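See below for the structure under consideration.
All figures in this text were calculated on a predicted structure; none of them were measured in a lab. We use all heavy atoms of the structure for the numbers below, so side chains are in, but hydrogens, waters and symmetry mates are not. In what follows, every chain begins at residue 1, and chains take the letters A, B, ... in the order their sequences are listed.
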Amino acid sequence: MEPVHPEFVPDADLDRDEMEALQCDIADAAVFEDDFEFDPERVCADRETGQRALVETDSSSDGGPVVVGVDQAFLDDDRAVSALVALQDGEVIERAHAVAPTEIPYIPGLLSFREGGAILAGFRELSVEPDLAFFDGSGRIHFREAGLATHVGVTLDLPSIGVAKNLLCGRPVASTDGLSEGERVGIEANEDVTAADGTVIGHAVQSRQYDSPNRYINPLIVSPGHRVGAETAGDLVLACSAGYKLPEPTRLADQYADDLKGEIAD
DNA sequence: GCGACAG
DNA sequence: ATCTTGTCGC
């Protein structure tokens, strides 16, 4: 698929100020509430739950929503590999990838300008029309409410969700320690975020947890990218989780990215 | 100057 | 993100 908003395509040649200004425009264009056509109840992690959903909804003629997981790996020479894995009813239906140079270094808050090019190139290679995308990083949980998931989601006008392993900014409304599987804690805007103080911009989501041992798994940091509300974003991530910390689309994209890195290793 | 920060 | 063996625990 191609960008719907060419003016938002990340340009690594911009000044820092210009990048930040573009992010503000993107945040204005972003929709942080549910605004999609697919049935969220039909988004699933694996074939088993997928088949169950098919039976329960009795809508087996058409396929469920197509969810694509996106991740990147880096080559030793300033090039990034984007890996996309598309799933439908819990099964992989397509994989796509692209390689692109990383023009700038990693700068907290400007991640999309480093990895966005490779990601959009990857989407260009994807032939199926996705209903939803999971990105590795933040969406609305960002200084200017325009993290990687929001930037790419708005540019493609594709419903998207940011799935990060660490918190970039904002403040948890309660302790995020000791959460049980399936639980979540809101992340609200503070002085570091452009949103009004107290606005819930995402959640710490416990997608997986050990039963009781003295071992512990940290929660995922989930936030709306585009056309998905904070609560629904958490619901969808949990719906796509299948016994691993990362939701299936993201986990498989991670794997695919690693494979590609090894194969392309010129 | 100090602190803080996705991948 | 990336460099990497063993190791703890179910």
Side-chain angles (χ1 to χ4, degrees), chain A residues 10 12 16 19-20 23 26-27 30 69-84 97 99-120 122 133-153 160-172 176 181 187 189-195 201-205 207-226 230 233 237 243-247 250-251 253-262 264-265:
Chain A
R16 179 168 187 140
M19 291 181 178
E20 298 188 349
Q23 292 183 322
I26 289 166
V70 185
D71 188 42
Q72 296 78 239
F74 297 85
L75 277 38
D76 304 310
D77 62 336
D78 296 306
R79 286 191 302 165
V81 187
S82 64
L84 323 209
H97 71 93
V99 180
T102 54
E103 322 264 45
I104 60 174
Y106 164 65
I107 300 171
L110 299 179
L111 182 64
S112 60
F113 288 92
R114 170 175 166 78
E115 312 186 344
I119 294 175
L120 289 175
F134 283 8
F135 292 97
D136 61 315
S138 280
R140 193 182 189 184
I141 295 182
H142 178 274
F143 310 119
R144 291 165 293 281
E145 300 177 87
L148 177 67
T150 299
H151 195 150
V152 179
S160 64
I161 294 172
V163 180
K165 302 179 193 66
N166 296 289
L167 186 61
L168 173 63
C169 58
R171 158 217 323 138
T176 57
E181 204 164 291
I187 302 296
N190 58 6
E191 50 283 351
D192 298 334
V193 185
T194 51
I201 54 177
H203 294 86
V205 178
S207 53
R208 180 184 176 187
Q209 190 53 279
Y210 290 126
D211 295 313
S212 61
N214 28 37
R215 266 191 105 59
Y216 185 73
I217 296 178
N218 292 124
L220 289 174
I221 304 300
V222 180
S223 61
H226 180 45
V237 165
Y244 294 90
K245 172 169 177 171
L246 295 175
T250 300
R251 192 176 68 82
D254 251 324
Q255 243 174 46
Y256 186 36
D258 276 341
D259 294 344
L260 289 170
K261 180 187 171 97
I264 300 176

Next item on the list: Provide, to the nearest angstrom, the distance between the CZ atom belonging to Arg215(A) and the P atom belonging to dC8(C).
Entry: 10 Å
Item checked: Whole-Å gap separating P (dA1(C)) and CZ (Phe135(A)) -> 16 Å
Notebook entry, point to check: First contact, last contact: which nucleotides of DNA chain B are these for chain A, 5' to 3', heavy-atom distance under 4.0 Å?
Noted result: dC5(B) to dG7(B)
Heavy atoms only, 4.0 Å cut-off, all strands: where does [X] land among base, sugar-phosphate and nothing?
{"X": "Ala80(A)", "value": "nothing"}
{"X": "Leu110(A)", "value": "base"}
{"X": "Tyr106(A)", "value": "base"}

Notebook entry, point to check: Checking His226(A) side chain against Ala149(A) main chain: does a donor-acceptor pair fall under 3.5 Å?
Noted result: no
Notebook entry, point to check: Is the backbone N or O of Gly69(A) less than 3.5 Å from a side-chain atom of Thr250(A), with the two atoms forming a donor-acceptor pair by type?
Noted result: no
Check: Taking it one step at a time, do Asp71(A) and Tyr256(A) satisfy side chain to side chain contact (heavy atoms under 4.5 Å, CB included)?
Finding: CA-CA 8 Å; Asp71(A) 188 42; Tyr256(A) 186 36; over 6 Å; no
Note to self: I want to check one thing: is the phosphate of dA1(C), taken as OP1 and OP2, less than 4.0 Å away from some side-chain N or O of Lys261(A)?
What the structure shows: no
Checklist line | Asn218(A) side, atom CG; Arg208(A) side, atom CZ - distance, nearest 0.5 Å | finding: 13.0 Å
Margin query: Nearest 0.5 angstrom please: Asp254(A) CG to Asp136(A) CG, how far?
Written below: 7.0 Å
Check: If you draw the axis of the six-membered ring of Phe113(A), does the NZ or CZ of Arg16(A) fall within 45° of it and under 6.0 Å from the ring centre?
Finding: no
